Student: 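Below is the structure I would like to discuss, written out as structure tokens.
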Amino acid sequence: MARLDISMSPDEIDRFLSALHTAVLSTLARTGFPHMVGMWFVHTGDEVRMWTYGKSQKVQNVRRDPRCALLIEHGDSYNELRGVLIRSEAQIIDDRRVVVEVGTALYRRYSLPASGEAAQRSPEAEIDRQAAKRVVLALAMERLVSWDHSKLR
């Protein structure tokens, strides 16, 4: 009997990652145990980018050991589950221009649609202010696994 392929095509993965989902980033703590946190992300085609405080635990973990995993999954029932798991060595980017660019993309992707209106204060000024303490974590999409349980039907 042939094995049913439930993986997503590259176009399906792009559409899935373009939807508003929260990812779970797993880094390796000093003890070797996973350190897992929810993250907003932007998908640039060949990598996923997130911004976070430069002194955060996840950044300390990546500085020590860049191996990590990012899980993006969605679905309420088993036959609706779809997801992408990216295993990568995270790159830390502290270039202020890139940090502001990613912060702006995250604002436009998550915060602006949630509020339905632009911020009263200039979001650019707030993003620029926060960028001074933030870095970008970039994960190349070279090693990934995807699944779409709706293909089981």
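Count residues from 1 along the sequence. It should be emphasised that the depicted structure is a prediction, and the values quoted were computed from it without experimental measurement.
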Student: Step through the shown structure and confirm whether more than 12 heavy atoms of other residues, nucleotides or ligands are within 6.0 Å of CE on Met39.
Tutor: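 It does: Met39 CE has more than 12 such atoms within range.
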Student: Taking C-beta and beyond as the side chain, do Glu126 and Tyr107 meet within less than 4.5 Å on heavy atoms?
Tutor: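 In short, these two side chains do not touch, never coming nearer than 4.5 Å.
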Student: To the nearest 0.5 Å, what is the distance between CD1 (Ile72) and NE2 (His21)?
Tutor: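 Atom-to-atom, Ile72:CD1 and His21:NE2 are 8.5 Å apart.
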Student: Taking distance alone, no hydrogens or angles, what donor-acceptor pairs closer than 3.5 Å link side-chain atoms of residues 80-89 to residues at least two apart or in another chain?
Tutor:
{"unit_1": "Glu80", "atom_1": "OE1", "unit_2": "Asp76", "atom_2": "N", "d": "3.2"}
{"unit_1": "Glu80", "atom_1": "OE1", "unit_2": "Ser77", "atom_2": "N", "d": "3.3"}
{"unit_1": "Ser88", "atom_1": "OG", "unit_2": "Ala140", "atom_2": "N", "d": "3.2"}
{"unit_1": "Ser88", "atom_1": "OG", "unit_2": "Ala140", "atom_2": "O", "d": "3.4"}

Student: What are the two closest non-hydrogen atoms of Val59 and Gly54, and how far apart are they?
Tutor: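 For Val59 and Gly54, the tightest heavy-atom pair comes out as CG1-O, 3.3 Å.
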Student: Answer yes if the ring centres of Phe16 and His74 are under 6.0 angstrom apart, and no otherwise.
Tutor: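 Between Phe16 and His74, the centre distance exceeds or equals 6.0 Å.
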Student: For the residue pair Val24 and Val37, establish whether any side-chain heavy-atom pair is separated by less than 4.5 Å.
Tutor: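 No, every pair of side-chain atoms sits at 4.5 Å or beyond.
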Student: Grab the two heavy atoms, one from His149 and one from Ile6, that are nearest each other, plus how far apart they are.
Tutor: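 Between these two residues, the closest heavy atoms are CD2-CD1, 3.6 Å.
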Student: Which atom pair, heavy atoms only, marks the closest approach of Ala138 to Arg49?
Tutor: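 Closest approach of Ala138 to Arg49, heavy atoms only: CB-CG, 4.1 Å.
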Student: Test of understanding: clusters of I, L, V, M, F, W, Y form through side-chain heavy atoms closer than 4.5 Å, transitively. Do Tyr53 and Met36 belong to the same one?
Tutor: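 Unlinked, Tyr53 and Met36 end up in two clusters.
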Student: Before giving the answer on side chain to side chain contact (heavy atoms under 4.5 Å, CB included), spell out for Phe41 and Leu25 the whole-Å C-alpha distance, their side-chain angles and the decisive distance to 0.1 Å.
Tutor: CA-CA 10 Å; Phe41 66 93; Leu25 175 67; over 6 Å; no
Student: Distance check, rounded to the nearest 0.5 Å: His43 atom NE2 versus Asp14 atom CG?
Tutor: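 So the NE2 of His43 and the CG of Asp14 are separated by 4.5 Å.
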Student: Determine the minimum heavy-atom distance between Arg64 and Arg30, stating which atoms define it.
Tutor: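 Closest approach of Arg64 to Arg30: NH2-N, 2.9 Å.
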Student: Going by heavy atoms in the side chains, are Arg15 and Met8 under 4.5 Å from each other?
Tutor: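 No, every pair of side-chain atoms sits at 4.5 Å or beyond.
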Student: Roughly how far apart are Leu137 CG and Leu139 CG, rounded to 0.5 Å?
Tutor: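 Leu137 CG to Leu139 CG: 7.0 Å, rounded to 0.5 Å.
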Student: Please work out which of the three classes, parallel, tilted or perpendicular, describes the rings of Trp40 and Tyr110, given edges at 30° and 60°.
Tutor: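 Parallel, since the angle between the ring planes stays under 30°.
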Student: Taking all atoms of both residues into account, what is the closest heavy-atom pair of Leu4 and Lys151, and its distance?
Tutor: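 Where Leu4 meets Lys151 most closely, the heavy atoms are CD2-O, 3.4 Å.
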Student: Taking the side chain as every heavy atom from C-beta outward, state whether Thr27 and Gln60 have any atom pair closer than 4.5 Å.
Tutor: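 When only atoms from C-beta onward are counted, Gln60 and Thr27 do not touch, as no gap falls below 4.5 Å.
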Student: Tell me, with the steps shown, if Val48 and Met141 meet side chain to side chain contact (heavy atoms under 4.5 Å, CB included).
Tutor: CA-CA 7 Å; Val48 172; Met141 293 182 50; 3.9 Å; yes
Student: Taking the side chain as every heavy atom from C-beta outward, state whether Leu70 and Met50 have any pair of such atoms under 4.5 Å apart.
Tutor: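 A side-chain contact under 4.5 Å exists here.
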Student: Tell me whether the count of non-hydrogen atoms from other residues, nucleotides or ligands lying under 6.0 Å of NZ in Lys133 goes above 12.
Tutor: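 No, the 6.0 Å shell around NZ holds no more than 12 heavy atoms from other groups.
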Student: Are the side chains of Leu106 and Val42 in contact, using a 4.5 Å heavy-atom criterion?
Tutor: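 Side chain of Val42 against side chain of Leu106, heavy atoms only: contact under 4.5 Å found.
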Student: Please find the pair of heavy atoms, one from Leu28 and one from Gly32, that lie closest to each other, and give the distance.
Tutor: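 Here Leu28 and Gly32 meet closest at CD2-O, 3.9 Å.
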Student: Are Asp5 and Ser7 linked by a side-chain donor-acceptor pair shorter than 3.5 Å?
Tutor: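 Indeed, the side chains of Asp5 and Ser7 share at least one donor-acceptor pair under 3.5 Å.
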